Amino acid sequence: MPELPEVTVILDDIRSLAAGKEVFRAEVFREDVSNAGVKEFPRRLVGRTLQGVERRGKILMLDFGDVVGVVHLVISGRVERLSEWREPDKEHTAVIEFESGPESGPVVLAFKKLWLGYFDLYEPGHIEEHPLISRLGPDPFSREFSPEYLRSVFERKAAIKGLLLDQSVVAGLGNIYVDEVLFAAKVHPTRKANTLDSEEIKAVYSASRDILGRAIEMRGTTFDSYHDAFGESGKFQYQLKVFARDGESCYVCGTEIQKLRVAGRGTHVCPTCQPS
DNA sequence: TCCACCCTGGAC
DNA sequence: GTCCAGGGTGGA
């Protein structure tokens, strides 16, 4: 479940492995993996050089000069370095081989399990045509993201959890980190956003930056599917206070962590620390 | 504002 | 064999 921290780590890996390298071979497994389709995908990438990488919310942006790869890993997607080229298949949904360096062998990156995800190609000037990117809210680490901003978007009676998951409100939070942020801010996920006082809004703001920042430092949260491009696990799962801890006791007060459904998502909460 | 749907593997 | 999780979309 790659959210902002995991995507950040993956991008760092891709940058260090492949930035400045030319694409030697590129293929997708199936027509629906990319908006370019099976035939056009290689035609538009081979021979181009990866100029740089960037993150927009949970989306990976790979800058190939005349072409931009827009990759969304959604839930199960991951990126892994392979030791050699292999044809894409159901598991290795998209595979890109970069040229060999003078001292290193070829760099082969597999974009795995893009089952609900995709590896779209856009022309640089047309990225905003992407339906999600055009609607993304501010990045949690941007200046735009502030307590004042949150106050303005919280003037709705929707559940706070649903709003924080909404990428047009904040770009990059997903189910794990929203639960953790709300616990840290001592706000119950079902609270109507417009009932938060300014202290609580500030707490949500600070917790978002703090938790995401620490998760990046620990190279993300690893459950079943996420590993970085070097196959390493993140360490933030050891810092989780509520997520996946239902039935266990709260580290702060000892109350049993509950699991409920909010905004259609499994949601973890300490009923004492986060009164509803 | 809510919810079924998309895809797949894994849990029962 | 059935059911569910997960992010995002599109229709009710």
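Here is the naming used below: chain letters follow the sequence lines, and residue numbers restart at 1 for every chain. Note that the structure is a prediction, hence the values are computed from the model and not measured.
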Looking at C:dT9, C:dG7, B:dG9, which one has an atom nearest to any side-chain atom of A:W115? B:dG9
Expressed in angstrom and rounded to an integer, what is the separation of A:L173 atom CG from C:dG8 atom C1'? 15 Å
Check the distance between B:dT1's P and A:K192's NZ and give it to me in whole angstrom. 9 Å
Among the candidates B:dT1, C:dG8, C:dG6, find the nucleotide nearest to the side-chain atoms of A:L132. C:dG8
Value in whole Å for how far the P atom of B:dG9 lies from CD1 of A:I75: 13 Å
For B:dG9, take OP1 and OP2 only and decide whether either is under 4.0 Å from a side-chain N or O of A:K90. yes
Please work out whether the ring planes of A:F119 and A:F111 are parallel, tilted or perpendicular, with thresholds of 30° and 60°. perpendicular
For C:dG8, does OP1 or OP2 lie under 4.0 Å from any side-chain N or O of A:Q167? yes
Specify the separation, in whole Å, of atom CG of A:L165 and atom C1' of C:dA5. 13 Å
Any donor-acceptor N/O pair under 3.5 Å between C:dG6 base and A:R265 side chain: no
Phosphate oxygens OP1/OP2 of C:dA5: is one of them under 4.0 Å from a side-chain N or O of A:R261? yes
Side-chain atoms of A:A158 come closest, of B:dT1, C:dG7, C:dT9, to B:dT1
When the distance from CD1 of A:I176 to P of C:dG7 is rounded to whole Å, what number comes out? 8 Å
Rounded to whole Å, the CG-P distance (A:L73 to B:dC6) equals 22 Å
A:D32 has an atom CG; how far is it from atom P of B:dC7, in whole Å? 7 Å
Aromatic contact, A:F243 with A:Y177 (centres under 6.0 Å): no
Is the shortest distance from a Lys or Arg side-chain nitrogen in A:K161 or A:D179 to a carboxylate oxygen in the other one below 4.0 Å? yes
Exactly one of A:R78, A:R81, A:R219 clears salt bridge (Lys or Arg N to Asp or Glu O under 4.0 Å) with A:D13, and that residue is A:R219
Please give, in whole Å, the distance from C:dG8 P to A:I59 CD1? 7 Å
What orientation do A:F98 and A:F64 show, parallel under 30°, tilted 30 to 60°, or perpendicular over 60°? parallel
Are OP1 or OP2 of C:dG8 and a side-chain N or O of A:K58 less than 4.0 angstrom apart? yes
Describe the nucleic acid contact of A:G266 in one word from base, sugar-phosphate, nothing, applying a heavy-atom distance below 4.0 Å. sugar-phosphate
Does a nitrogen or oxygen in the side chain of A:R135 sit under 4.0 Å from OP1 or OP2 of C:dT9? yes
So, OP1 or OP2 of C:dG7: does either fall under 4.0 Å of a side-chain N or O from A:H72? no
